[in-house]
There are 2 protein chains.
Amino acid sequence: MSEYNDYLYPQKWLSKASTGDRVAYELRMRIISGLIESGTILSENKLAADFEVSRSPIREALRILASENIIRLEKMGAVVIGLSEKEIEEIYDVRLLIETFVFERLIKMDTTNLALELSKTLEMMKVAIKYNDADEFSYQDVMFHETIIRSIGHSYITMIWNNLKPVMEGLILLSMRMRFKEKYEDFTRIVKNHELYIDAIRAKDRELMIKSLHENFDDVQGKVEDLWRSQQMLSKGVEPQND
Amino acid sequence: MSEYNDYLYPQKWLSKASTGDRVAYELRMRIISGLIESGTILSENKLAADFEVSRSPIREALRILASENIIRLEKMGAVVIGLSEKEIEEIYDVRLLIETFVFERLIKMDTTNLALELSKTLEMMKVAIKYNDADEFSYQDVMFHETIIRSIGHSYITMIWNNLKPVMEGLILLSMRMRFKEKYEDFTRIVKNHELYIDAIRAKDRELMIKSLHENFDDVQGKVEDLWRSQQMLSKGVEPQND
DNA sequence: ACTATAATACTTGTATACAAGTATACTCCA
DNA sequence: TGGAGTATACTTGTATACAAGTATTATAGT
């Protein structure tokens, strides 16, 4: 798809995706990782040449990324916004906001099946840890939270999630790849936290949920640091984009 | 733009918009109003013919509407989801959620300028009432809430608003047009409510804010009823879409 | 040296062409 | 009458062509 040999986004997750989606996924990763620096101006023609596709899917990708707030479409060219620490904290604000909302709804529902589903996902996360598969772990981690959010059947909360998910996923991917290499011991804590979350949902224990959610989010700081390290590593290993 | 003579969306608001945006705005209004019924399957070719434009802007419009959850893109054709009472309540859930979040941030800020800006907007709403201009009133009403939401400078909260705004605006437009004709007395109450909201922001009075916010949202039920009446009126007055 | 103006090399937005895939309807056969 | 298979008329996804607008650069004149 592109002259760049290395893809940041797992290619096997794109089996059914259109070219436009593929471009969006890959471009998103390059922006989140800092490979494409904030402030860069992207032109449809140049991107089309780089990815060796026509402008149609490029345009589609740019619209998607613009709706996710990581680029801004202007009269001439798309300006990369990227993710500073501020933006990352804001993303977690929103995630906290919607997951809290979701939990309030969950309290009024039967959560047996949900807890079961989450246990299954957590088992898969453990397997991924065991086999050192950062991407698979990230996938299941994202799925864990998506399962919770979708469970209440609230289409507009789901809509927010859908908008947030791609960037979220990218962040988690980059962070987890780094941790699998350098902070392997983190994962016992992460698993424990998710177990706590499941318990809270099963017991409909609001306090426990808030506690585990916050501990989960205290990882944010770690995630941010990981991301910067990841960005540095990537930008050292790869030739910067010249015109 | 289209063979239909009557536009539901105010044309003067589209002066700088691209064809794709125009189509999105108009299509959105037809869907929200019920002119295009939920369950209808839209084809790009047919829409392109109807609006007398090419498929490019149509595709763009459909992506936009899909991201707003009022249509669903499938393998063949886009299925209209529309707004049932459930969806409308969900929209207000989200609005309540983000405006509450915003208020918590506002408490920690200097709200003098914001209160001033809101007073100006409210004055404009009063003028719109005086001159019986439902569209202008709607515009200012939406702007009122947008001003509040943007004031905290939270890009991801703003992102949610941007996603919600078009549908919100459409709902308000249809509802206000109806009320200007049939429930003119409503507006003294609406103005009063907005004044209360400004007071709450100026005084950073959480309780007052919640109160006015909820009274504001108690209009929801009214809005929903208005919408149904509006839908009936429209579908009687206009020939249904045939193939 | 500097400004104004004109040429040019870009940009996006829209229309059109083509390819590949899918549902429908029809025909042929039993 | 019913069913398998094929033809056909759709669908979307992608590439390309063209038009209109904008920034930049170069040139000419003072």
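What you see below is based on every heavy atom in this structure, not just the backbone, and it leaves out hydrogens, waters and symmetry mates. Naming convention: chains lettered A, B, ... in sequence-line order (proteins, then strands); numbering from 1 in each chain.
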Check your understanding: Between N45(B) and S56(B), who's closer to the 5' end of DNA chain D by nearest nucleotide?
Key ->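 By nearest-heavy-atom nucleotide position, the 5'-most residue is N45(B).
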
Verify the contact: side-chain N or O of [X] to OP1 or OP2 of [N], cut-off strictly under 4.0 Å; return yes or no.
X: T19(B); N: dG13(C); answer: no
X: R63(A); N: dG13(C); answer: yes
X: S54(A); N: dT14(D); answer: no
X: R59(B); N: dT12(D); answer: no
X: R55(B); N: dA15(C); answer: no

Is any NZ, NE, NH1 or NH2 atom of the basic residue among [X] and [Y] found under 4.0 Å from an Asp or Glu carboxylate oxygen of the other?
X: R72(B); Y: E74(B); result: yes
X: R105(B); Y: D93(A); result: yes
X: E117(B); Y: K120(B); result: yes

In whole Å, what is the span from the [atom1] atom of [X] to the [atom2] atom of [N]?
X: K75(B); N: dT24(C); atom1: NZ; atom2: P; result: 12 Å
X: M76(B); N: dA9(D); atom1: CE; atom2: P; result: 15 Å
X: E60(A); N: dA15(D); atom1: CD; atom2: P; result: 11 Å
X: L42(B); N: dT11(D); atom1: CG; atom2: C1'; result: 13 Å
X: I64(B); N: dG13(C); atom1: CD1; atom2: P; result: 11 Å
X: K16(B); N: dT22(D); atom1: NZ; atom2: P; result: 12 Å
X: L62(A); N: dT11(C); atom1: CG; atom2: C1'; result: 13 Å
X: K46(B); N: dC10(D); atom1: NZ; atom2: C1'; result: 10 Å

**Study point:** Y9(A), OH: over 12 other non-hydrogen atoms inside 6.0 angstrom
**Key:**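 Result for OH/Y9(A): enclosed.
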
Check your understanding: Checking R22(B) against Y25(B): charged group under 6.0 Å from the ring centre and within 45 degrees of the axis?
Key ->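 Checked: cation-pi criterion not met.
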
Review point. Between dG21(D), dT14(D), dG13(C), which nucleotide has the shortest distance from any of its atoms to the side chain of E44(A)?
Key: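 In terms of side-chain proximity for E44(A), the closest of dG21(D), dT14(D), dG13(C) is dG13(C).
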
Practice item. Pick base, sugar-phosphate or nothing for S18(A), based on heavy-atom distances below 4.0 Å to the nucleic acid. Key: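 Sugar-phosphate: the residue S18(A), judged by heavy atoms under 4.0 Å, touches backbone atoms but no base.
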
